[in-house]
A.B. asks: 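Quick one: this structure, given as structure tokens, is what I'll be asking you about.
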2 protein chains.
Amino acid sequence: MVAYVITREGIYVKRHIYNCQAGCPVESTLQIIAGKWKSVIIYHLLTGTQRFNDLQKEMPDCSRRMLALQLKELQVDGVIQKKVYPVIPVKTEYSLTKFGLTLKPVILAMEVWGKTYNQRASRQVIEN
Amino acid sequence: MVAYVITREGIYVKRHIYNCQAGCPVESTLQIIAGKWKSVIIYHLLTGTQRFNDLQKEMPDCSRRMLALQLKELQVDGVIQKKVYPVIPVKTEYSLTKFGLTLKPVILAMEVWGKTYNQRASRQVIEN
DNA sequence: CCGAATCCTATCTGATACTG
DNA sequence: CAGTATCAGATAGGATTCGG
């Protein structure tokens, strides 16, 4: 299947999409939550509405640029919604949509695993 | 934290690693299952041992090269194990390790979501 | 404060050909 | 069968600057 999708650069382009009818359900899920920071963003929004800078503080390794790009993709996918308050300086709030909330079990499963099996990653060979 | 890790090209390099003690548990999980095909590979191995070509047939959109690279990373991370039978032609079998099996709840959550909310992706604008 | 636009580089990834 | 080697184009992602 081919569809027009928004790239990380915010441009709509033609792109191959995994077959969503007969395709692997895990691949379908990845369509939505793949991306370096998407699941982390969703995780932080599970606790409620957050402003742009709140998210940034909670994800110090994610640049402002990447945060904005990933937020835009999540918004286009209908996972999150954005509320802009026309004050000066601007204030924006992000929150999960009803649809986004359906991802909760997935993100929570990731949280549980991360808390438990954190230390097992064998790729960490040398530390400094 | 800095550690020596294996890249997708199979080379060990120094790389920044998210703080694994105090860090976000979701980020920790992503350390292991992020990657274009990793969760899909784990998903297919949940049903049991698979050969290289079996996996390839189940993931037609993943090139042989990418499959090999992702398998190697998962192996280095201790998620899967590889058994090579010294016959001609060579036969290899991949299976989840005990550690890899702990990821089952995460992957199953993704499967459930994918089966249910598949069709909701709003990024699919045009189809042909 | 919340981004968008631009520039530039590192990394990823597909295609193709080759090997034990 | 199960990979690896190499190359080239595509994409990701940081730094910086600009604007409402």
Side-chain angles (χ1 to χ4, degrees), chain A residues 2 5-18 27 30-31 34-38 40-41 44-45 49-76 80-95, chain B residues 5-16 18 27 30 34-38 40-41 44-45 49-76 80-95 123:
Chain A
V2 173
V5 302
I6 195 169
T7 67
R8 316 239 161 164
E9 300 303 328
I11 304 156
Y12 275 86
V13 293
K14 220 173 180 183
R15 181 185 287 177
H16 176 74
I17 293 287
Y18 311 115
E27 290 184 28
L30 285 175
Q31 291 278 122
K36 208 175 175 183
W37 299 103
K38 286 189 187 173
V40 184
I41 292 172
H44 288 304
L45 289 181
T49 296
Q50 302 257 23
R51 299 187 58 181
F52 189 87
N53 267 8
D54 296 336
L55 289 169
Q56 248 214 301
K57 280 169 202 160
E58 291 166 337
M59 303 160 58
D61 290 329
C62 178
S63 68
R64 201 169 32 162
R65 173 190 146 89
M66 282 315 297
L67 182 54
L69 287 172
Q70 302 267 296
L71 283 170
K72 173 177 281 186
E73 284 200 29
L74 286 171
Q75 195 189 344
V76 170
I80 65 173
Q81 56 200 299
K82 173 179 169 181
K83 192 170 184 181
V84 181
Y85 296 87
V87 296
I88 295 174
V90 181
K91 172 181 171 182
T92 59
E93 283 182 350
Y94 291 94
S95 57
Chain B
V5 302
I6 197 170
T7 66
R8 316 238 160 163
E9 300 303 328
I11 304 155
Y12 275 87
V13 293
K14 220 174 181 182
R15 181 186 287 176
H16 176 74
Y18 310 115
E27 290 184 28
L30 286 176
K36 208 176 175 182
W37 298 103
K38 286 189 187 174
V40 184
I41 292 172
H44 288 304
L45 289 181
T49 295
Q50 302 257 23
R51 300 186 58 180
F52 189 88
N53 268 8
D54 295 336
L55 288 169
Q56 248 214 301
K57 280 169 202 158
E58 290 165 338
M59 303 161 57
D61 290 329
C62 178
S63 68
R64 202 167 25 166
R65 172 190 148 87
M66 282 313 297
L67 182 54
L69 287 172
Q70 300 269 295
L71 283 170
K72 175 176 282 186
E73 284 200 28
L74 285 171
Q75 194 189 344
V76 170
I80 66 174
Q81 56 200 297
K82 173 179 168 180
K83 192 169 183 179
V84 181
Y85 296 88
V87 296
I88 294 175
V90 180
K91 172 180 171 183
T92 60
E93 282 182 350
Y94 290 95
S95 58
R123 263 202 287 174

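These values consider heavy atoms only, across backbone and side chains, with no hydrogens, waters or symmetry-generated copies. Lettering follows sequence order; numbering is per chain, from 1.
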A.B. asks: In sequence, state the C-alpha distance, the side-chain angles, and the governing distance for B/Asn53 and B/Gln56, and then conclude on side chain to side chain contact (heavy atoms under 4.5 Å, CB included).
C.D. replies: CA-CA 5 Å; B/Asn53 268 8; B/Gln56 248 214 301; 3.8 Å; yes
A.B. asks: For B/Glu58, what residues pass the side chain to side chain donor-acceptor pair (under 3.5 Å) criterion, not counting sequence neighbours?
C.D. replies: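 Side chain to side chain donor-acceptor pair (under 3.5 Å) list for B/Glu58, sorted by chain: B/Gln50.
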A.B. asks: Considering all heavy atoms of both residues, which atom of B/Ala34 and which atom of B/Lys38 are nearest to each other, and what is their separation?
C.D. replies: O-CD, 3.1 Å
A.B. asks: A/Lys38 has an atom NZ; how far is it from atom C1' of D/dA12, in whole Å?
C.D. replies: 13 Å
A.B. asks: In whole angstroms, how far is the P atom of D/dA2 from the CG atom of B/Asn53?
C.D. replies: 5 Å
A.B. asks: Are B/Thr49 and B/Asp54 close enough, and set up right, to give a side chain to side chain contact (heavy atoms under 4.5 Å, CB included), and what steps lead you there?
C.D. replies: CA-CA 10 Å; B/Thr49 295; B/Asp54 295 336; over 6 Å; no
A.B. asks: How many Å lie between CE on B/Met66 and P on D/dT6, as a whole number?
C.D. replies: 18 Å
A.B. asks: Decide side chain to side chain contact (heavy atoms under 4.5 Å, CB included) for B/Met59 and B/Ile41; before the verdict, give the C-alpha distance in whole Å, the side-chain angles of both, and the deciding distance to 0.1 Å.
C.D. replies: CA-CA 8 Å; B/Met59 303 161 57; B/Ile41 292 172; 3.7 Å; yes
A.B. asks: Taking only side-chain N and O atoms of B/Lys72, does any of them lie within less than 4.0 angstrom of OP1 or OP2 on D/dT4?
C.D. replies: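 So the side-chain polar atoms of B/Lys72 do come within 4.0 Å of the phosphate oxygens OP1 or OP2 of D/dT4, strictly under.
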A.B. asks: If I take atom CH2 in residue B/Trp37 and atom P in nucleotide C/dG14, what distance separates them, rounded to the nearest angstrom?
C.D. replies: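 Interatomic distance, CH2 of B/Trp37 to P of C/dG14: 8 Å.
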A.B. asks: Take A/Gln75 and A/Gln81, measure what side chain to side chain contact (heavy atoms under 4.5 Å, CB included) needs, and give me the verdict at the end.
C.D. replies: CA-CA 6 Å; A/Gln75 195 189 344; A/Gln81 56 200 299; 5.9 Å; no
A.B. asks: In whole angstrom, what separates A/Ile80's CD1 from C/dC2's P?
C.D. replies: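 Roughly 14 Å, once rounded to whole Å.
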A.B. asks: Distance check: side-chain N/O of B/Thr92 vs OP1/OP2 of D/dG3, anything under 4.0 Å?
C.D. replies: yes
A.B. asks: Output yes when at least one side-chain N/O atom of A/Lys82 is less than 4.0 Å from OP1 or OP2 of C/dC2, else no.
C.D. replies: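 Checking C/dC2 against A/Lys82, no side-chain N or O comes under 4.0 Å of OP1 or OP2.
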A.B. asks: Specify the separation, in whole Å, of atom CD of B/Gln56 and atom C1' of D/dT4.
C.D. replies: 14 Å
A.B. asks: Using five base pairs at each end to define the local axes, how bent is the helix from C/dC1-D/dG20 to C/dG20-D/dC1, to the nearest 10°?
C.D. replies: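 That helix gives 50° between its end axes.
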A.B. asks: Name the atoms and distances for all side-chain donor-acceptor pairs under 3.5 Å in residues 87-95 of chain B, with sequence neighbours left out.
C.D. replies:
unit_1  : atom_1 : unit_2  : atom_2 : d
B/Glu93 : OE1    : B/Tyr85 : OH     : 3.0

A.B. asks: OP1 or OP2 of C/dG3 sitting under 4.0 Å from any side-chain N/O of A/Tyr94?
C.D. replies: yes
A.B. asks: Could you encode protein contacts along nucleotides 15-20 of chain D as a string, one character per nucleotide from 5' to 3', using B for base contact, S for sugar-phosphate-only contact and - for no contact, with a heavy-atom cut-off of under 4.0 Å?
C.D. replies: B-B--B
A.B. asks: Rounding to an integer number of Å, can you tell me how far A/Leu69 CG sits from D/dG14 P?
C.D. replies: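 Value for this atom pair: 10 Å.
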A.B. asks: Rounded to the nearest 0.5 Å, what's the gap from NZ on B/Lys36 to CG on A/Leu30? Could you check?
C.D. replies: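 With rounding to 0.5 Å, NZ (B/Lys36) is 11.0 Å from CG (A/Leu30).
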A.B. asks: Side-chain N or O of B/Lys36 versus OP1/OP2 of C/dG14: is the shortest distance under 4.0 Å?
C.D. replies: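 For C/dG14, OP1/OP2 do have a side-chain N/O of B/Lys36 under 4.0 Å.
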A.B. asks: C/dC12 P sits how many Å from B/Leu67 CG, rounded?
C.D. replies: 17 Å
A.B. asks: When rounded to the nearest 0.5 angstrom, what is the spacing between CD in B/Glu73 and CH2 in B/Trp37?
C.D. replies: 15.0 Å
